Amino acid sequence: MTAEWWERADRHYDAAGELWLGGRKASDLARETGTPAYVYSASRVSQNVARLRSALAGVGVPVRLLYAMKSNRHAPLLAHLRGLGIGLDVCSPGEIRHALGCGYRESDLSFTSGCLSRADYSALADWPQVWVNADSLTALRRLAQVSPGREVGLRINPASGLGYNSLVTYSGAKPSKFGVYLDRFAEALALANALGLKLTGLHCHAGCGFLTPQLEALDQVCTRIGEFLDAAPGITALNLGGGLGIPLVAGDQELDLAAWSALVRRHFAHRGLVLTIEPGDYLVKDAGALLTEITQVETKGGRCFVGVNAGFNLHPEPAFYRLPLIAAPARREPGAPQQVTIAGNLNEALDLWAEDCALPPVSEGDLLCFLNAGGYGASMASQHCLRNEMTEHLIPVSHLAPGVDADQLADANIHAWDQLYASTPELVWGSDLLPFLGDFTDAFKESLVAPSRLLDAGAGEGRNLPFLLECGASEVHAVDASSHALDKIPASLRRRVHCRVADLTATGYSSASFDGITMLDVFETLPNAEAVLAELYHILKPGGLLLCNIPGFDDGVAGLDMHALGKDAFLYQSSYFYRFVEPQAAEELLVAAGFELLHSGRREWLESAHPGYRSEAHNHVSHVLLVRRPAARVAG
């Protein structure tokens, strides 16, 4: 089995050719929602937030994350982001009202927009706790009239920009409508002071959809921002806007978040500012898909046109900004791909989703999904031609009972395990390898491609690290969310291993970093296991191996001092999360995450007592699975 370039754990084709989105078959989703319909994966949004927070942890100063609501204002999505502790970047009184209606507080909001009316300024005066970034000298004057003495920010224009392409320009050689240029910055500072406004923050959004190749241009933008900061020593807060991009076509490489955060650190950490980042697209774009029905497949003028029941009014970016979506049939049929033009149902020549697009064989009535549609789609939709029949839906995390938040539970669970490791100087799990590991030595050795790397995910105190060290990889890494656990790895092992403290949903490793990964006695302790599987898929090389074990209800811990959080989820001793999954369901979980199943089998062994955790020996029963990330499909 081979994978398309865009496939990942929560967005992939299975062995039968069925497309999965957010843990659900696209065909099943469409039967529930009808078409056209937007679907958004809550789990993917959580993963994107976690990955971004992990990168920003290295910046060295406080960083606040805001979500740019103009990207997607679907109320259930906003509620999910609020639960993750994400504030909002808003740009109209209407967006403020919508945010407040979704449970946000005024203090959670940052307002940035220009060319405002008197009615807009009057509305802002009614929300004194909303942070406002003035976009012009005019804005400073009008804010002072309606909100005297208000603490505000000022949007600046560095006359330098960057982006995925040149069609979405916020700053650059050509003058733009955004912000105050350096030649009038001193005038703006003096005006704010004369008007009695407290100007303590700067805001700069200079680009859209930038990836690693654009970091050099971002470096120039940050240098220009530094010139503004040098001229305003009273500034204590800096908002760097958003603009972080995702791969849109096969040749794109994902943004190197480590390089991006290092650039931010180099330019701003020494200034002692509070930073704000306000991405929209990065958090939601690749979490969404637009489901459509193919209405006709017909050759016209020698070209095959595939028509769908959705026009550019439902998602303007491909037509207006030449930002492509990925067209993926809900079922990938065998046969040679054909070059087609995908057309919408509006009576407009501009209404083309894609030209010269390679699709496998498709027929009238098939379901065609447009991927990367989570941002600037539904939020920009219009009533053009009186066609706006779409619906929107959030795909939730499903294995927990209603009202139980997986992300909040995961944070509390990490704390509980960390406290356990800190509570005793002894090795909680002992030093003996799990007894079945020797069965997989040859498979891991054969998977290595120089320079080779192996990872123990959820390594704890290093019990199983000798297995990876014996496989002969160039490097062996260990990652765990508990620093206390990693500190207890015996010195003889630790000096041979690269250790990292990180949440398993956002390890900080680059895509395709490892030939093989073990996750042993870990899956059952993860409230957000699906998100962890997605991250491990991401950091595995195509063709790389994952070895994990998953206990069922016949495990010796199951049911002991536990209360239920869902159909298969429990709290042990009121502190530690456990999840028990039967063998077939365990296999389905791994396959649903995009992996190929290589081995599946039951193992049983006797575990000794665990200091500070369980005082008696007990039987441990697990289903052991060896899976592989599919090799990448060769383009063309």
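Fair warning: this is a prediction, and the values are worked out from it, not measured in the lab.
- Residues K70 and E95 form a side-chain contact, since some pair of their non-hydrogen atoms from C-beta on lies under 4.5 Å apart.
- Applying the side-chain hydrogen bond (donor to acceptor under 3.5 Å, both in side chains) rule to R224 yields no partners; only residues at least two apart in sequence or on another chain are considered.
- Closest non-hydrogen pair, V221 versus C204, comes out as CG1-SG, 4.5 Å.
- Checked against a 6.0 Å centroid threshold, the rings of F320 and F312 count as neighbours.
- A salt bridge does not link R322 to E317: none of the charged nitrogens lies less than 4.0 Å from a carboxylate oxygen.
- The only option from R332, K25, R331 that meets the side chain to side chain donor-acceptor pair (under 3.5 Å) definition with E18 turns out to be R331.
- Two residues are said to be in side-chain contact when any heavy atoms from C-beta on lie closer than 4.5 Å; F444 and L626 meet this criterion.
- Using a cut-off of 4.0 Å between Lys/Arg side-chain N and Asp/Glu carboxylate O, R44 and D286 are scored as salt-bridged.
- Proximity of the aromatic rings of H477 and F514 is defined here by a centroid distance below 6.0 angstrom, and this criterion is met.
- For the side chain to side chain donor-acceptor pair (under 3.5 Å) with T35, the qualifying choice from N309, T292, T391 is N309, the only one to do so.
- Using a cut-off of 4.0 Å between Lys/Arg side-chain N and Asp/Glu carboxylate O, K445 and D442 are scored as not salt-bridged.
- Contact check on E32 versus R24 returns a salt bridge, with a Lys/Arg side-chain nitrogen under 4.0 Å from an Asp/Glu carboxylate oxygen.
- Applying the ring pair (Phe, Tyr, Trp, His ring centres under 6.0 Å) test to every pair with at least one member in residues 331-362, sequence neighbours left out, gives these pairs: W353-F370.
- Across all non-hydrogen atoms, the minimal contact from S110 to L66 is CB-CD1, 3.5 Å.
- A donor-acceptor contact closer than 3.5 angstrom is absent between the side chains of N313 and Q383.
- Ring-centre distance between F440 and H599: below the 6.0 Å cut-off.
- One finds no salt bridge joining E535 and R8 here, because no Lys/Arg side-chain nitrogen approaches an Asp/Glu carboxylate oxygen to under 4.0 Å.
- A distance of 12.5 Å separates CD in E333 from CG in L359, rounded to the nearest 0.5 Å.
- The line from CD of Q253 to OG of S511 is 7.5 Å long, rounded to the nearest 0.5 Å.
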